[in-house]
Colleague: 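One structure, as structure tokens, below. Some questions next.
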Amino acid sequence: MSGETPLIGILGGYGAVGAAAARVLAAEGGFRLRIGGRDSEAAARCAAALGGPAEASRADARSDASLERFARDCDVLLHCAGPAYELADRPRRAAAAAGADYVDVMDGCGPAAAPAGERTAVLSAGLSPGLSGLLPRLLAEGRAPSGAARFTGYYVSLGAFTRTGAMDYLLSLDRGYGTARAQWRDGHVVRGALRGAEERVVAGVPHPVTVYPYLTQELVGQARDLGLAEARWYSGFDGHHLFDALNRGRSGDDRAGTLDARAAGVVRASTLDALGRSPYHVLCGVLELPGPGPGPDRAPARRVVIRGADGSAMTGVVGAVAAREVARGRVPRGVHRAARVLPARGVLDALRRHLPGTTVTFSDDVDVSAADVTPAAQVMEEGVL
């Protein structure tokens, strides 16, 4: 690329996620922005609202030729369009063909070889995966987790899905994103180690919610890097409509229907759960270390809780930080998962700065025995998030 100010192309740049990322990058300055999508007028309106060095360009994410034209001359291509799983690796291949670095707020459709010309690709640079994977690193800062350390994480959300979000959510369940009821233990993924759904109190959520154990590949990578003895991850449901809809789909209930019908069902169920309530997204992580703690035979524990109202905006902030770090040459060449290479504190700073309503709370000497766990009214089928 030239010696000019770095050009970051944002695919899906006028959508909820892409527009949030564009606002962050425009506010930080030091970049030229290219806003892309199939709606040229929407892209132009977004670019105009940003002001400064922002341009609009039509980009059809389902056309290789259109994507390659959009990526031409970009230093970084930030992929925020969707449904990401339907688009597969087209945006990533377009970036490689254009000689651009690449950032994806989703998982990039699995592992692949390094980008052409030994460039950089950062995948899973969103809310979950992405920000969720930073929790163990944040809690381990300034400490040396031994082989006896244990991590437990939660993601609980309330809010209506968009159709695109619902499609990606459903497709992710069958793409190796994680393993239901599994636990990381002594260097291995142990399948079936945890029981099904439970009612549990999660810090940052005002009342008990239904949680289901689902060990993500993101957490497996962090547990391996940090040398954790145990790691668990739970997906949380605040309300029963979405919970029931996912149960029906996984159990093969004929009412679930096609993928489109299932996505419509997820949108409808999530809307019912959120009706008349304020949306939120909570990430909670607890790291227990060996040694004397606040209770009998308990390890000292540290907890972090991140809470925000707009999941799309939070995703956009993380994506923007990833694009910024890549554009400034702070990420090594090759293919990386965001949680393993992004500056954890830098991401938190960006969330606080650009989303003032987002809160981050650290607590030391947490009594992990205080969590309220009771059997759930019904148990989710194997494999449901």
Side-chain angles (χ1 to χ4, degrees), residues 8-22 33-40 42-43 46 56-72 74 76-116 119-130 161-177 217-218 258-264 266-267 311-312 315-316 318-320 322-323 326 335-338 385:
I8 299 176
I10 307 177
L11 184 62
Y14 52 79
V17 173
L33 302 178
R34 177 179 292 169
I35 308 301
R38 284 183 291 176
D39 188 335
S40 300
C46 181
S57 178
R58 187 179 186 280
D60 184 347
R62 290 177 170 79
S63 165
D64 292 342
S66 179
L67 284 174
E68 289 179 19
R69 284 194 297 272
F70 178 77
R72 193 172 300 147
C74 287
V76 180
L77 178 63
L78 171 57
H79 174 26
C80 299
Y85 285 96
E86 285 190 341
L87 299 177
D89 63 347
R90 282 195 180 98
R92 193 169 167 186
R93 286 190 282 108
D101 293 327
Y102 181 70
V103 174
D104 195 329
V105 298
M106 293 293 288
D107 77 350
C109 297
R119 302 202 66 84
T120 301
V122 176
L123 313 178
S124 303
L127 172 55
S128 181
F161 276 81
T162 63
R163 179 190 175 276
T164 296
M167 293 282 283
D168 273 330
Y169 186 85
L170 291 169
L171 289 170
S172 72
L173 302 180
D174 300 317
R175 302 294 175 88
Y177 176 59
Q217 288 300 315
E218 177 181 64
T258 64
L259 180 60
D260 279 335
R262 290 169 59 203
V266 166
V267 171
S312 295
T315 297
V318 179
V326 171
V335 181
H336 310 277
R337 301 288 170 178
L385 252 174

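Atom set for the values below is all heavy atoms of this structure, side chains included, hydrogens, waters and symmetry mates excluded.
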Colleague: Just how far is it from atom OG of S66 to atom CZ of R90, taken to the nearest 0.5 Å?
Modeller: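 Rounded to the nearest 0.5 Å, the OG-CZ separation comes out at 11.0 Å.
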
Colleague: List the atom of F70, the atom of I35, and the distance in Å for their closest heavy-atom pair.
Modeller: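 That closest heavy-atom pairing would be CE1-C, 4.0 Å.
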
Colleague: What is the minimum heavy-atom distance between G316 and A20, and which atoms define it?
Modeller: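 Distance-wise, the nearest heavy atoms are CA-CB, 4.1 Å.
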
Colleague: For the residue pair A94 and L67, what are the closest heavy atoms and their distance?
Modeller: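 Between these two residues, the closest heavy atoms are CB-CB, 3.6 Å.
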
Colleague: Report yes or no: do S57 and R34 form a side-chain donor-acceptor pair below 3.5 Å?
Modeller: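 Per modelled atom types, S57 and R34 side chains form no pair under 3.5 Å.
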
Colleague: Using the test ring pair (Phe, Tyr, Trp, His ring centres under 6.0 Å), find all partners of F161 that sit at least two apart in sequence or belong to another chain.
Modeller: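 For F161 the ring pair (Phe, Tyr, Trp, His ring centres under 6.0 Å) partners, ignoring immediate neighbours, are Y169.
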
Colleague: Mind checking the CZ-CG spacing from R262 to L170? Nearest 0.5 Å is all I need.
Modeller: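 R262 CZ to L170 CG: 5.0 Å, rounded to 0.5 Å.
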
Colleague: In a check of side-chain contact (heavy atoms from CB on, under 4.5 Å) between C80 and each of L11, V103, V17, which one passes?
Modeller: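 That would be V17; it is the only one of L11, V103, V17 passing the side-chain contact (heavy atoms from CB on, under 4.5 Å) with C80.
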
Colleague: For a side-chain contact (heavy atoms from CB on, under 4.5 Å) with Y102, tell me which candidate from V335, L123, V326 qualifies.
Modeller: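 Option passing the side-chain contact (heavy atoms from CB on, under 4.5 Å) with Y102: L123.
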
Colleague: Knowing that exactly one of V122, L78, T120 qualifies, which makes a side-chain contact (heavy atoms from CB on, under 4.5 Å) with D101?
Modeller: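 Single pass found, and it is T120.
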
Colleague: For residues A21 and A320, report the shortest heavy-atom separation together with the two atoms involved.
Modeller: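 The answer is O-CB, 3.7 Å.
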
Colleague: Measuring from atom CG of D104 to atom CZ of R92, what distance do you get when rounded to the nearest 0.5 angstrom?
Modeller: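 D104 atom CG to R92 atom CZ measures 8.0 Å (nearest 0.5 Å).
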
Colleague: Who pairs with R58 by salt bridge (Lys or Arg N to Asp or Glu O under 4.0 Å), at least two apart in sequence or on another chain?
Modeller: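 Partners of R58 by the salt bridge (Lys or Arg N to Asp or Glu O under 4.0 Å) criterion come out as none, since no residue qualifies.
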
Colleague: Considering all heavy atoms of both residues, which atom of A71 and which atom of A98 are nearest to each other, and what is their separation?
Modeller: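 Of all heavy-atom pairs spanning A71 and A98, the closest is O-CB, 3.6 Å.
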
Colleague: What closest approach, in Å, do S128 and Y177 show between heavy atoms, and which atom pair accounts for it?
Modeller: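 Taking S128 first and Y177 second, the nearest heavy atoms are OG-OH, 3.4 Å.
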
Colleague: Is the side chain of R119 donor-acceptor paired with the backbone N or O of G99 at a distance under 3.5 Å, no angle test?
Modeller: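 Pair found, side chain donor or acceptor close to backbone of G99.
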
Colleague: Just wondering, do R163 and D260 contact through their side chains at under 4.5 Å, heavy atoms?
Modeller: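 The answer is yes, as the side chains (C-beta and beyond) meet within the 4.5 Å cut-off.
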
